[in-house]
J.: 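Please read through the structure below; I'll follow up with questions.
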Amino acid sequence: MKQDVTRNAAYTVDCEDYVHVVEFNPFESGESGNLIAYGGSNYVVVGMCMFQEEGTDTEGIQYKTLRTFHHGVRVDGIAWSPETKLDSLPPVIKFCTSAADMKIRLFTSDLQDKNEYKVLEGHSDFINDLVFHPREGQEIASVSDDHTCRIWSLEGKQTAHFLLHSPGMSVCWHPEETFKLMVAEKNGTIRFYDLMAQQAILSLQSEQTPLMSAHWCLKNTFKVGAVAGNDWIIWDITRSSYPQETRPVHMDRAHSFRWSAISENLFATTGYPGKMSSQFQIHHLGHSQPILIGSVPVGSGLSWHRTLPLCYIFWKKYLFLYQTYCKSRNASVVFSDK
């Protein structure tokens, strides 16, 4: 008998306004609990989540808003800085956003009197992704529909500029070899750049287009995943520049791909926002079918918890969190019955 993998969300967070993007902090912030940021039409909210799965006294989920930042324009993307620390005196909250006006905003706050932001200008079209340097956090990489990837200092100076052959859709920094940067283009090409030499050193190719999202697996950096056309696609960069595995998953085009932070075999995809049959799905490389299908329409946000198999998506004024348990690296997946 086929297992029903359609699931309701394990947890739901109500928001004051419509949400456009959501992002868990992927870095250790120095306190129990997990920072999350979500952005809407003209604001960014930073909050703290605690879950019963973390072994605390929390029942279910405990959520607390720490600060709401006025943004003035629609938020399209959020990236956390590794300099964010809640156990320092004073605490430091640092993140950047991409916006509908094609600008990057760098926010810094101590959650008290200091609430500053700086505008980084240079892109001439919509910014599709951005990310901080994963160690020092002193640089930001961004990609845009203007066919460029740009590296910025926190003062707003461009330290590198790569011309692309099509819109840049995703950008990822290598977590350890931080001179390596991955850039995915809409035409199906994924290039890896050496930032010291400022040139491409490797490329991957998808036969499907348009490529809408790609992600470097941080648990195994030989793996790269993406969605293009209706398919999800996996590469092993030690074997070939062509995909190792491809599978159709979203009838109305795929939109987002994100690896789990705790497993090299677990990842999530979403369908295209606004389509009637858009879906959120969780996949495991040991299974031929999705192991979880979300029961609600999706927006464009997709983010995994840093240490737990919990994944956030959003729809309208709600954040939905789905959970799945991966008992070991190669084991089957065990579902929560929530």
J.: Between D236 and T238, what is the shortest heavy-atom contact and its length?
T.: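 Looks like OD1-OG1, 2.6 Å.
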J.: Tell me whether N115 contacts the main-chain N or O of Q112 through its side chain, where contact means a donor paired with an acceptor under 3.5 Å.
T.: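 Yes.
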J.: Heavy atoms, side chains only, cut-off 4.5 Å: are T84 and V92 in contact?
T.: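 Not touching, per the 4.5 Å side-chain cut-off.
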J.: State yes or no: are the ring centers of H174 and F192 separated by less than 6.0 Å?
T.: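 Between H174 and F192, the centre distance exceeds or equals 6.0 Å.
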J.: Please report the shortest heavy-atom distance between C49 and I61, naming the atom on each side.
T.: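 Residues C49 and I61, closest heavy atoms: SG-CD1, 4.4 Å.
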J.: F69 and V75: same hydrophobic cluster, using ILVMFWY side-chain contacts below 4.5 Å?
T.: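 In one cluster with F69: V75, yes.
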J.: Could you grab the distance from atom OG of S213 to atom CG of D129, nearest 0.5 Å is fine?
T.: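 That separation rounds to 7.5 Å.
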J.: Between E23 and R258, is a salt bridge (Lys or Arg N to Asp or Glu O under 4.0 Å) present by the stated rule, with each step listed?
T.: CA-CA 12 Å; E23 195 69 43; R258 191 71 73 95; 3.0 Å; yes
J.: Apply side-chain contact (heavy atoms from CB on, under 4.5 Å) to K223 and L285, showing your working.
T.: CA-CA 12 Å; K223 287 184 178 180; L285 288 178; 3.6 Å; yes
J.: Out of curiosity, S166 OG to L211 CG, how far, rounded to the nearest 0.5 Å?
T.: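 So the gap between those two atoms works out to 8.5 Å.
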J.: So how far is it from Q281 CD to T269 OG1, rounded to the nearest 0.5 Å?
T.: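 It comes to 4.5 Å.
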J.: When you compare the side chain of K114 with that of T108, does any pair of heavy atoms fall below 4.5 Å?
T.: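 In short, these two side chains touch, coming nearer than 4.5 Å.
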J.: If only atom types and distance count, is the side chain of S98 paired as donor or acceptor with the main-chain N or O of I104 below 3.5 Å?
T.: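 The answer is no, because no donor-acceptor pair under 3.5 Å joins these two groups.
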J.: Ignoring hydrogens and angles, tell me if any N or O in the side chain of R247 forms a donor-acceptor pair with the backbone of S288 under 3.5 Å.
T.: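 Yes; at least one donor-acceptor contact below 3.5 Å.
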J.: Does H250 reach the main-chain N or O of D252 with its side chain, forming a donor-acceptor pair under 3.5 Å?
T.: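 Pair absent, no side-chain N/O of H250 close to backbone of D252.
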J.: Check for a donor-acceptor pair, side chain of Q158 on one end and backbone N or O of A160 on the other, with a separation under 3.5 Å.
T.: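 Checked: no pair found.
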J.: With side chains defined as the heavy atoms from C-beta onward, is the minimum distance between L130 and H123 less than 4.5 Å?
T.: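 Answer no - side chains too far apart.
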J.: Heavy-atom count around E245 CD within 6.0 Å, excluding the residue itself: above 12?
T.: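 Atom CD in E245 is packed in, count exceeds 12.
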J.: Taking all heavy atoms of C149 and all of V143, pick out the closest pair and write down the distance.
T.: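 Minimum heavy-atom contact is CB-CG1, 3.8 Å.
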J.: Roughly how far, to the nearest 0.5 Å, is the CG atom of N265 from the CG atom of N220?
T.: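 With rounding to 0.5 Å, CG (N220) is 9.0 Å from CG (N265).
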J.: Would a line drawn from the ring center of W216 to the ring center of F222 be shorter than 6.0 Å?
T.: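 No, too far apart.
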J.: Over 60° means perpendicular and under 30° means parallel, so tell me whether H71 and F107 are parallel, tilted or perpendicular.
T.: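 H71 vs F107 ring planes: parallel.
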J.: So, the side chain of R135 versus the backbone of E176: is there a donor-acceptor pair under 3.5 Å, distance only?
T.: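 The answer is yes, because a donor-acceptor pair under 3.5 Å joins these two groups.
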J.: Between atom CD1 of I262 and atom CG of L310, what is the distance when rounded to the nearest 0.5 Å?
T.: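 Going from CD1 on I262 over to CG on L310, the span is 8.0 Å.
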J.: With distance as the sole test, does S206 use its side chain to make a donor-acceptor pair with the main-chain N or O of Q208 at under 3.5 Å?
T.: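 At least one qualifying donor-acceptor pair exists.
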J.: The criterion is salt bridge (charged side-chain N to carboxylate O under 4.0 Å, His left out); which residues satisfy it with E207, sequence neighbours excluded?
T.: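 Expected list: none.
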J.: Treat each ILVMFWY residue as a node, draw an edge where side-chain heavy atoms are under 4.5 Å apart, and state whether V171 and M102 are in one component.
T.: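 Different hydrophobic clusters.
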J.: So does H161 get a backbone contact from the side chain of R150, meaning a donor-acceptor N/O pair under 3.5 Å?
T.: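 No, R150 side chain to H161 backbone: no donor-acceptor pair under 3.5 Å.
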J.: Given the rule in the side-chain contact (heavy atoms from CB on, under 4.5 Å) test, do E28 and T307 qualify, once you have shown the distances and angles that lead to the verdict?
T.: CA-CA 10 Å; E28 170 62 51; T307 60; over 6 Å; no
J.: Would you say the rings of F132 and F95 are close, in the sense that their centroids are separated by under 6.0 Å?
T.: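 No, they do not, as the ring centres are separated by 6.0 Å or more.
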J.: Identify, with sequence neighbours excluded, every residue that meets side-chain hydrogen bond (donor to acceptor under 3.5 Å, both in side chains) alongside W152.
T.: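 If we apply the side-chain hydrogen bond (donor to acceptor under 3.5 Å, both in side chains) test to W152, skipping adjacent residues, the hits are S142.
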J.: Centres of the H305 and F24 rings: under 6.0 Å?
T.: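 Yes - the distance between ring centres of H305 and F24 falls below the 6.0 Å cut-off.
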J.: Looking at F126, I'd like to know if its CZ atom is crowded, meaning that more than 12 non-hydrogen atoms belonging to other residues, nucleotides or ligands lie closer than 6.0 Å.
T.: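 Counting other residues, nucleotides and ligands, CZ of F126 stays at 12 neighbours or fewer.
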J.: In the single-linkage hydrophobic clustering (I, L, V, M, F, W, Y; side-chain heavy atoms under 4.5 Å), do M169 and L164 co-cluster?
T.: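 No; tracing contacts between hydrophobic side chains, which count when under 4.5 Å, never links both residues.
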J.: Only one of F280, W304, W259 forms a ring pair (Phe, Tyr, Trp, His ring centres under 6.0 Å) with F267, so which one is it?
T.: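 Exactly one pass, corresponding to W259.
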J.: If you compare all heavy atoms of W173 against all heavy atoms of K180, which two are closest, and at what distance to 0.1 Å?
T.: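 What the structure gives for the nearest pair is CD1-O, 3.4 Å.
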J.: May I ask you to test the H147-H165 pair for a side-chain heavy-atom distance under 4.5 Å?
T.: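 Answer no - side chains too far apart.
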J.: Could you give the distance from OG (S81) to CD (E136), rounded to the nearest 0.5 Å?
T.: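 One gets 10.5 Å once the value is rounded to the nearest 0.5 Å.
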J.: Hey, does D76 have a side-chain heavy atom less than 4.5 Å from the side chain of I127?
T.: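 Contact flag for I127/D76 side chains = no.
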J.: Assess whether atom NZ of K85 is packed by more than 12 heavy atoms of other residues, nucleotides or ligands within 6.0 Å.
T.: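 Enclosed: over 12 neighbouring heavy atoms sit under 6.0 Å from NZ of K85.
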J.: Could you check whether any side-chain heavy atom of V224 comes within less than 4.5 Å of a side-chain heavy atom of I190, counting everything from C-beta outward?
T.: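 V224 reaches I190 side chain to side chain.
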J.: Report the C-alpha distance between V249 and H283 in whole Å, list the side-chain angles of each, state the deciding distance to 0.1 Å, and finish with yes or no for side-chain contact (heavy atoms from CB on, under 4.5 Å).
T.: CA-CA 10 Å; V249 282; H283 311 267; 3.5 Å; yes
J.: Flag yes if L202 and I233 sit in one hydrophobic cluster, no otherwise; membership is Ile, Leu, Val, Met, Phe, Trp, Tyr, and two members link when side-chain heavy atoms are under 4.5 Å apart.
T.: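 Linked, L202 and I233 end up in one cluster.
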J.: Taking 4.0 angstrom as the limit, do E116 and K118 come out as a salt bridge?
T.: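 No.
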J.: Could you report the tightest heavy-atom contact between A99 and R105, atom names first, then the distance?
T.: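 Heavy atoms only, the tightest pair is CB-NH1, 3.4 Å.
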J.: Please examine the side chains of I93 and D110, heavy atoms only from C-beta on, and report whether any two atoms are closer than 4.5 Å.
T.: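 They are not in side-chain contact.
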J.: Answer yes or no: is there a donor N or O on one side and an acceptor on the other, between the side chain of D231 and the main chain of T246, under 3.5 Å?
T.: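 No, because the side chain of D231 does not come within donor-acceptor range (under 3.5 Å) of the backbone of T246.
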J.: Quick check: is I78 connected to I140 through a chain of hydrophobic side chains (ILVMFWY, heavy atoms under 4.5 Å apart)?
T.: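 I140 does not cluster with I78.
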J.: Using a distance-only test with no angle check, is there a side-chain donor-acceptor pair under 3.5 angstrom linking Y63 and T65?
T.: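 Judged by distance alone, the side chains do pair up.
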J.: Please confirm whether the ring centroid of F162 lies under 6.0 Å from the ring centroid of Y193.
T.: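 Centroid separation for F162 and Y193: below 6.0 Å.
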J.: In the structure I gave you, are the side-chain heavy atoms of L35 and W80 within less than 4.5 Å of one another anywhere?
T.: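 Yes, side chains in contact.
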J.: What do the steps show when you test V73 against N42 for side-chain contact (heavy atoms from CB on, under 4.5 Å), and what is the final call?
T.: CA-CA 5 Å; V73 65; N42 58 11; over 6 Å; no
J.: Minimum heavy-atom separation for S170 and M212, please, with both atom names.
T.: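 Closest approach of S170 to M212: OG-O, 4.5 Å.
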J.: Is it the case that the side chain of S144 and the backbone of T148 share a donor-acceptor pair, with hydrogens and angles ignored and the cut-off at 3.5 Å?
T.: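 Such a contact is absent between S144 side chain and T148 backbone.
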J.: Look at atom OH of Y242 and say whether more than 12 heavy atoms of other residues, nucleotides or ligands are closer to it than 6.0 Å.
T.: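 No, the 6.0 Å shell around OH holds no more than 12 heavy atoms from other groups.
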J.: With no hydrogens and no angle check, do the side chains of N34 and N25 hold a donor and an acceptor under 3.5 Å apart?
T.: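 Short answer, no.
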J.: Quick one: list whatever passes salt bridge (charged side-chain N to carboxylate O under 4.0 Å, His left out) with E139, sequence neighbours left out.
T.: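 Not a single residue meets the salt bridge (charged side-chain N to carboxylate O under 4.0 Å, His left out) criterion with E139.
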